[in-house]
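Please read these numbers as outputs of a predicted model, since none were measured by experiment.
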Amino acid sequence: MNITTNDSQILLALNKPKGYLVTRSDDLGRKTVYNLLPTWLFQDGWMPIGRLDLESKGLLLFTRNGKINDALTKPGNCIKIYEVWVRGHVTDEHIIDARKGVESIHGLLKAKVERIGNGGAKTKLRVELEEGKNRHIRRLFGALKDPKFGTPLKVLELNRISIGSFKLNIELGKWRYLSTEEEKMLIKRAIKVV
């Protein structure tokens, strides 16, 4: 993919499928996000901004600029939105608890949660995070119990659909540069001067 004058020089986006690690290399030989990107991106030091676990999919941004990376991962600077399918019945009480915060062995986990659909014993949610810890959403719901069965809720599918002002609009497994306009919109709140 050739860079044009309308393309960002510092940010690109990937729609990560499940089954890819967000790391530069893996000792066990598993697939990484760099298997989906041109070799020169790895060689030129493009790094992921934040993480998505192996079983998660969706928007992942890359940069070579440490200042932008820090700004977009700093808590409160950049809201991230996910669509999540959870096994179990997510109640209004669960949504209130998630907003207030749930104590876990990993500390206080909280998120803004909205129910957007149901399918059998599954609930589809829109989850908004200002600060994401390792496996935050999976651990948050794992700390809540299904009222009917008394078992922990379980995230079955997790898809990040936006980071700040940038909304995912790329085919699964594909990547592209952000436009200069998308870049400006995304970083203007997170960074005062780039």
Side-chain angles (χ1 to χ4, degrees), residues 11-18 20 22 33 48-63 68-119 121-147 152-170 172 178-179 181-192:
L11 284 166
L12 64 87
L14 169 71
N15 187 352
K16 175 196 165 310
K18 285 170 68 168
Y20 287 83
V22 180
V33 289
I49 300 172
R51 298 264 183 258
L52 283 172
D53 68 35
L54 184 68
E55 293 305 308
S56 298
K57 62 183 182 177
L59 179 58
L60 191 60
L61 296 175
F62 289 77
T63 189
I68 289 174
N69 194 332
D70 292 345
L72 294 177
T73 54
K74 185 177 176 192
N77 272 12
C78 194
I79 291 172
K80 294 163 185 76
I81 299 176
Y82 303 80
E83 282 183 353
V84 180
W85 277 99
V86 173
R87 184 185 67 211
H89 299 279
V90 178
T91 65
D92 292 343
E93 290 76 25
H94 289 135
I95 291 171
I96 291 165
D97 288 347
R99 188 179 286 256
K100 283 191 304 194
V102 175
E103 275 301 334
S104 78
I105 58 169
H106 309 285
L108 186 70
L109 301 171
K110 60 185 184 174
K112 192 173 170 184
V113 178
E114 178 188 341
R115 196 173 24 250
I116 55 176
N118 287 355
K122 297 188 297 188
T123 309
K124 187 174 187 181
L125 304 166
R126 181 180 182 275
V127 178
E128 195 174 294
L129 290 181
E130 283 189 28
E131 173 186 9
K133 297 177 179 140
N134 185 23
R135 299 179 63 82
H136 189 119
I137 295 172
R138 293 181 191 281
R139 289 175 170 162
L140 170 62
F141 287 105
L144 301 170
K145 301 270 191 240
D146 183 301
L153 297 174
K154 180 177 171 65
V155 172
L156 301 173
E157 191 175 310
L158 188 147
N159 184 25
R160 182 158 55 204
I161 59 170
S162 71
I163 297 174
S165 61
F166 187 77
K167 293 176 180 24
L168 183 62
N169 60 358
I170 308 164
L172 192 64
L178 272 65
S179 70
E181 191 57 36
E182 289 167 334
E183 172 196 306
K184 273 187 237 164
M185 291 284 293
L186 180 62
I187 62 178
K188 81 174 170 190
R189 282 193 202 146
I191 296 181
K192 302 297 179 244

My understanding is that only residues two or more places apart in sequence, or in another chain, count here; which of them pass side-chain contact (heavy atoms from CB on, under 4.5 Å) with [X]?
X      : answer
Lys18  : Glu55, Lys57
Ala143 : Val102
Asp146 : His89, Lys148, Phe149, Thr151, Leu153

Gap between atom [atom2] of [Y] and atom [atom1] of [X] - 0.5 Å precision:
X      : Y      : atom1 : atom2 : value
Ile163 : Leu129 : CD1   : CG    : 11.0 Å
Leu156 : Trp85  : CG    : CH2   : 9.5 Å
Ile68  : Ile49  : CD1   : CD1   : 7.0 Å
Leu168 : Leu60  : CG    : CG    : 10.5 Å
Leu59  : Ile161 : CG    : CD1   : 9.5 Å

Main-chain N/O of Leu186 paired with Ser165 side-chain donor or acceptor, under 3.5 Å: yes
Would the distance check show the side chain of Arg160 and the main-chain N or O of Gly58 forming a donor-acceptor pair, the cut-off being under 3.5 Å?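 No, the answer is negative, given that no donor and acceptor are paired below the 3.5 Å cut-off.
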Does the side chain to side chain contact (heavy atoms under 4.5 Å, CB included) test come out yes or no for Phe141 and Leu125, once each step is laid out? CA-CA 11 Å; Phe141 287 105; Leu125 304 166; 3.4 Å; yes
Holding to salt bridge (charged side-chain N to carboxylate O under 4.0 Å, His left out), I want the full list of residues that pass it with [X], two or more places apart in sequence or in another chain.
X      : value
Lys145 : none
Arg138 : Asp53
Glu130 : none
Arg115 : Asp92

Taking all non-hydrogen atoms of both residues into account, name the closest pair between [X] and [Y] and its distance.
X      : Y      : value
Leu108 : Gly101 : CD1-C, 3.6 Å
Val127 : Ala111 : CG1-CB, 3.7 Å
Asn69  : Pro48  : ND2-O, 3.6 Å
Ala13  : Leu61  : CB-CD2, 3.7 Å
Thr123 : Val90  : OG1-N, 3.3 Å
Leu54  : Lys16  : O-NZ, 3.5 Å

Who passes side chain to side chain donor-acceptor pair (under 3.5 Å) against Glu131, sequence neighbours left out? none
Run the side chain to side chain contact (heavy atoms under 4.5 Å, CB included) check on Arg126 and Ile81 step by step: do they pass? CA-CA 7 Å; Arg126 181 180 182 275; Ile81 299 176; 3.0 Å; yes
Write out all pairs satisfying side chain to side chain donor-acceptor pair (under 3.5 Å) with one or both partners inside residues 94-104, taking only residues at least two apart or from two chains.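 Non-adjacent pairs meeting side chain to side chain donor-acceptor pair (under 3.5 Å): Thr91-His94.
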Does the side chain of Leu11 come within less than 4.5 Å of Phe166's, by heavy atoms? no
Determine, stepwise, if the pair Ile79 / Ser162 fulfils side chain to side chain contact (heavy atoms under 4.5 Å, CB included). CA-CA 8 Å; Ile79 291 172; Ser162 71; over 6 Å; no
Mind running side chain to side chain contact (heavy atoms under 4.5 Å, CB included) on Val84 and Val113 for me, showing each step along the way? CA-CA 10 Å; Val84 180; Val113 178; over 6 Å; no
In plain terms, say whether Lys112 and Glu114 are close enough for a salt bridge, that is, a side-chain N and a carboxylate O under 4.0 Å apart.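 Looking at Glu114 together with Lys112, the answer is no, because their closest N to O distance does not fall below 4.0 Å.
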With sequence neighbours left out, which residue pairs that include part of residues 76-89 fulfil the salt bridge (Lys or Arg N to Asp or Glu O under 4.0 Å) condition?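 Sorted result for residues 76-89: Glu83-Lys124.
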